Amino acid sequence: MLLPVILAGGSGTRLWPLSRLAYPKQFLALTDSSLSLLQTTLERLKGIETAPPWLICHEEHRFLAAEQLRQLQLQNASLLLEPEARGTAPAIALTALRANARGDDPLLLVLPADHLIKDEAAFHSSLTTALPLAEAGKLVTFGITPTEPHTGYGYIECGAALSEGSESEGFEVACFREKPDRVLAERFIRSGKYLWNSGMFLFRASRFVEALSHYHPEIVKHCRAALAGESRDLDFIRVGQEAFSHCPDLSIDHALMEPLSQDTKKRSAAVVVPLDAGWSDIGAWSSLWDLSDKDAAGNVTQGDVISLHSRNSYLHAQSRLLTTLGVDDLIVVETADAVLVAHKDRVQDIRLLVSRMEADAREEISQHPQSYRPWGTSTVVHSSGHYRVKHLRVNPGEGLSLQKHRHRAEHWIVVGGTARVTRGEEVFLVTENQSTFIPVGEIHCLENPGQIPLELIEVQSGERLDESDIERLKDRYGRK
């Protein structure tokens, strides 16, 4: 049995301002496709006989992940929640141990949720090559055939070919290399012995556990303890938070593949299969420029853009008109609450901007003005001082939690549909063009009992307007 394991826990800060902590890049449609990167990863599995996929994500993104699975009609997929990010090694260990505990020993196809592969037939072909290797007990990684001396990727040095006279069938892994500088990357390319490290893997679940137990037994120990505290929450699988928090924060490369390749007695177990399929991890805005169709001046434009005498730039407008005049080699990304202007050569340093905003406690690094909730959407229209105006859209049959606020009052004006409002001991309907007021400290709830979306304007006023002022008393979605 082939079990896809989709790793969807990244933050994607190098694609700010589109990718944010509460809505990272794997949930965004960044290419010409209407599908998100996560959905594209799942669609890539079509034509391959697999078990229903397991998706691993942070619990803060669980409703985003569930909705995107629902859109693909993947009702049988399992959603495993990480209480906190501890790296890919513990995440994969959870799935391998859980599969073994159920009496199965599948081949795990581990795929990051935020990668792009243009040639799916080539991906399927490399997978076909890798399957007998994994069935024979090898720990297989996929190495991308490099197209340039890229400094944003790690590299894999290829050792002996697995089949004499056929390099396409794979190599023993000689060494893993961290992201090099330009000079070293050029040396790697000239040698012809290096592939880009894709972060994709294939191995038997029990074989992975066995190997990881040798180099990092503490990860296996704490993951077993976390699974012992497993519980169901709606459609989500939760593990014990305290036990999982004791796992070291390690990637599978650092925890297993690197020490395995350096172990003279065991190194033959680590193998790499070449993959030449138009791959990108879309780790920076320049990657999207590389991958996208360009006009005659070398520009990539998305949204409402007017560009004159501008060349080789990536221009993305999300909420208003974006104009450029006489610019070269720029990344310009506009959203409703932030604008990024960067030289293409500096996009790997966007993390420095994000760190600065984090130090300044800027909300723009974590939230978009529009945020997705299990009941619908919430969009900040205006915010200033002690008041904030929002547009709420509540889907039919859904509702907000029973809650109260200690520092703010709320005024609701219904502009579409019908609201069922709980305010203290009262329960009443509010219809279009009607309004109601929720005083500070009052227990309240908002629900949509109708068949069409409920739309309303919410005006908040008070000393604190952020999410920390929500005290949930009862929530149908299991939020605390």
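Note that the structure is predicted; figures quoted are calculated from it, not measured. All values below were derived from every heavy atom in this structure, side-chain atoms included, with hydrogens, water molecules and symmetry-related copies excluded.
No donor-acceptor pair under 3.5 Å is formed between the side chain of S401 and the backbone N or O of Q403. Using a distance-only test at 3.5 Å, with no hydrogens or angles considered, no donor-acceptor pair links the side chain of S251 to the main chain of G87. A donor-acceptor pair under 3.5 Å links the side-chain atoms of T88 to the main chain of I252, judged by distance alone. A distance-only check finds a donor-acceptor pair linking the side chain of S310 to the backbone of L308 [under 3.5 Å]. Side chain of S378 to backbone of K390: no donor-acceptor contact under 3.5 angstrom is found. When atom types are taken as modelled, the side chain of N448 and the backbone of I452 share a donor-acceptor pair closer than 3.5 angstrom. Between the side chain of Q68 and the backbone N or O of F27 there is at least one donor-acceptor pair closer than 3.5 Å. With hydrogens and angles ignored, the 3.5 Å screen pairs a side-chain donor or acceptor of Q26 with a backbone N or O of G10. A donor-acceptor contact shorter than 3.5 Å is absent between the side chain of K474 and the backbone of R472. Remark: side-chain polar atoms of S292 are not paired, donor with acceptor, to backbone N or O of W289 under 3.5 angstrom.
Residues S461 and R408 have side chains that never bring a donor and an acceptor to within less than 3.5 angstrom of each other. For the residue pair E432 / Q434, no side-chain donor-acceptor distance below 3.5 Å is found, with atom types taken as modelled. Looking at N299 and N312, their side chains never bring a donor and an acceptor atom within 3.5 Å of each other. The closest side-chain donor-acceptor pair between H444 and E426, if any, does not fall under 3.5 angstrom. A donor and an acceptor atom, one from each side chain of E471 and H405, are nowhere located under 3.5 Å apart. Side chains of Q39 and Q71: a donor on one and an acceptor on the other come within 3.5 Å. Using modelled atom types and a 3.5 Å distance limit, the side chains of Y215 and E258 yield no donor-acceptor pair. Residues R20 and T335 bring a donor and an acceptor atom of their side chains to less than 3.5 Å of each other. A donor-acceptor contact closer than 3.5 angstrom is absent between the side chains of H316 and Q318. For the residue pair R464 / S468, a side-chain donor-acceptor distance below 3.5 Å is found, with atom types taken as modelled. In the model, T324 has a side-chain atom that pairs as donor or acceptor with a side-chain atom of S307 under 3.5 Å. Neither side chain, T422 nor R420, offers a donor N or O lying under 3.5 Å from an acceptor on the other. Between the side chains of H411 and E458, no donor N or O sits under 3.5 Å from an acceptor N or O.
Summarising the geometry, atom OG1 belonging to T13 is positioned 7.5 Å from atom CG belonging to L21; distances are rounded to the nearest 0.5 Å. Distance CH2/W412 to CD/E410: 6.0 Å, rounded to 0.5 Å. Taken to the nearest 0.5 Å, the CD1 atom of I350 stands 7.5 Å off from the CG atom of L15. To the nearest 0.5 Å, atom OG1 of residue T31 and atom CG of residue L37 are 6.5 Å apart. In this structure, H386 NE2 and H407 NE2 are separated by 12.5 Å, a value rounded to the nearest 0.5 Å. Considering CG of L69 and CG of L38, their distance stands at 6.0 Å, rounded to 0.5 Å.
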Item checked: Step-by-step salt bridge (Lys or Arg N to Asp or Glu O under 4.0 Å) determination, K344 to D329 -> CA-CA 6 Å; K344 275 199 318 208; D329 297 317; 3.6 Å; yes

Notebook entry, point to check: Which is it for L64 and Y372 under the side chain to side chain contact (heavy atoms under 4.5 Å, CB included) test, yes or no, and what are the steps along the way?
Noted result: CA-CA 7 Å; L64 271 174; Y372 292 81; 4.2 Å; yes

Check: Does the pair W16 and V333 meet the rule for a side chain to side chain contact (heavy atoms under 4.5 Å, CB included), with working shown?
Finding: CA-CA 9 Å; W16 185 89; V333 182; over 6 Å; no

Next item on the list: Output, in order, the C-alpha distance, side-chain angles, deciding distance and verdict of ring pair (Phe, Tyr, Trp, His ring centres under 6.0 Å) for Y153 and W279.
Entry: CA-CA 12 Å; Y153 300 145; W279 171 93; 5.0 Å; yes

Checklist line | Test log, rule salt bridge (Lys or Arg N to Asp or Glu O under 4.0 Å), inputs E59 and R238 | finding: CA-CA 9 Å; E59 65 172 56; R238 293 182 179 273; 2.9 Å; yes

Notebook entry, point to check: For F236 and Y477, what are the C-alpha separation, side-chain angles and deciding distance, and is it a ring pair (Phe, Tyr, Trp, His ring centres under 6.0 Å)?
Noted result: CA-CA 11 Å; F236 309 111; Y477 310 109; over 10 Å; no

Next item on the list: List the steps, then state whether side chain to side chain contact (heavy atoms under 4.5 Å, CB included) holds for V239 with L80.
Entry: CA-CA 8 Å; V239 300; L80 187 62; 4.0 Å; yes

Check: Where do R311 and S313 land on the side-chain hydrogen bond (donor to acceptor under 3.5 Å, both in side chains) test, with the steps shown first?
Finding: CA-CA 6 Å; R311 301 172 60 253; S313 295; over 6 Å; no

Next item on the list: Kindly determine whether K221 and E218 satisfy salt bridge (Lys or Arg N to Asp or Glu O under 4.0 Å), including the steps that lead there.
Entry: CA-CA 5 Å; K221 172 187 173 183; E218 72 279 13; over 6 Å; no

Notebook entry, point to check: Should R351 and E358 be marked as a salt bridge (Lys or Arg N to Asp or Glu O under 4.0 Å) after you check the CA-CA gap, both sets of side-chain angles, and the distance that decides it?
Noted result: CA-CA 10 Å; R351 65 184 187 277; E358 188 174 24; over 6 Å; no

Checklist line | Full working for side chain to side chain contact (heavy atoms under 4.5 Å, CB included) between L111 and L45 | finding: CA-CA 10 Å; L111 302 175; L45 298 171; 3.9 Å; yes

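In plain terms, the two heavy atoms of I331 and S286 that are nearest each other are CD1-N, 4.4 Å. A419 approaches V414 most closely through the heavy-atom pair CB-CG2, 4.1 Å. Counting all heavy atoms, side chain and backbone alike, L116 lies closest to I282 at CB-CD1, 3.8 Å. The heavy-atom pair separating Q367 from S371 by the smallest distance is OE1-CB, 3.5 Å.
Side-chain contact between D469 and R406 is present, with at least one heavy-atom pair separated by less than 4.5 Å. Contact of the L454 side chain with the T418 side chain is not registered, since no non-hydrogen atoms from C-beta on lie closer than 4.5 Å. Y314 is not listed as a side-chain neighbour of S287, based on a closest heavy-atom distance of 4.5 Å or more. The closest side-chain heavy-atom distance from W375 to R393 is not below 4.5 Å. Side chains of L3 and T50 form no contact here, defined as non-hydrogen atoms less than 4.5 Å apart. You'll find the side chain of E447 stays beyond 4.5 Å of the side chain of L400, heavy atoms only. With contacts defined as side-chain heavy-atom distances shorter than 4.5 Å, the pair P4/W54 does not qualify. Between L250 and I219 there is a side-chain heavy-atom pair separated by less than 4.5 Å.
Ring-centre distance between H150 and Y155: not below the 6.0 Å cut-off.
Salt-bridge annotation for E84 and R86: present, with a side-chain N of the basic residue lying under 4.0 Å from a carboxylate O of the acidic one.
In this pair, Y23 and H368 present their aromatic rings perpendicular. The plane angle is above 60°, beyond the 30 to 60° band.
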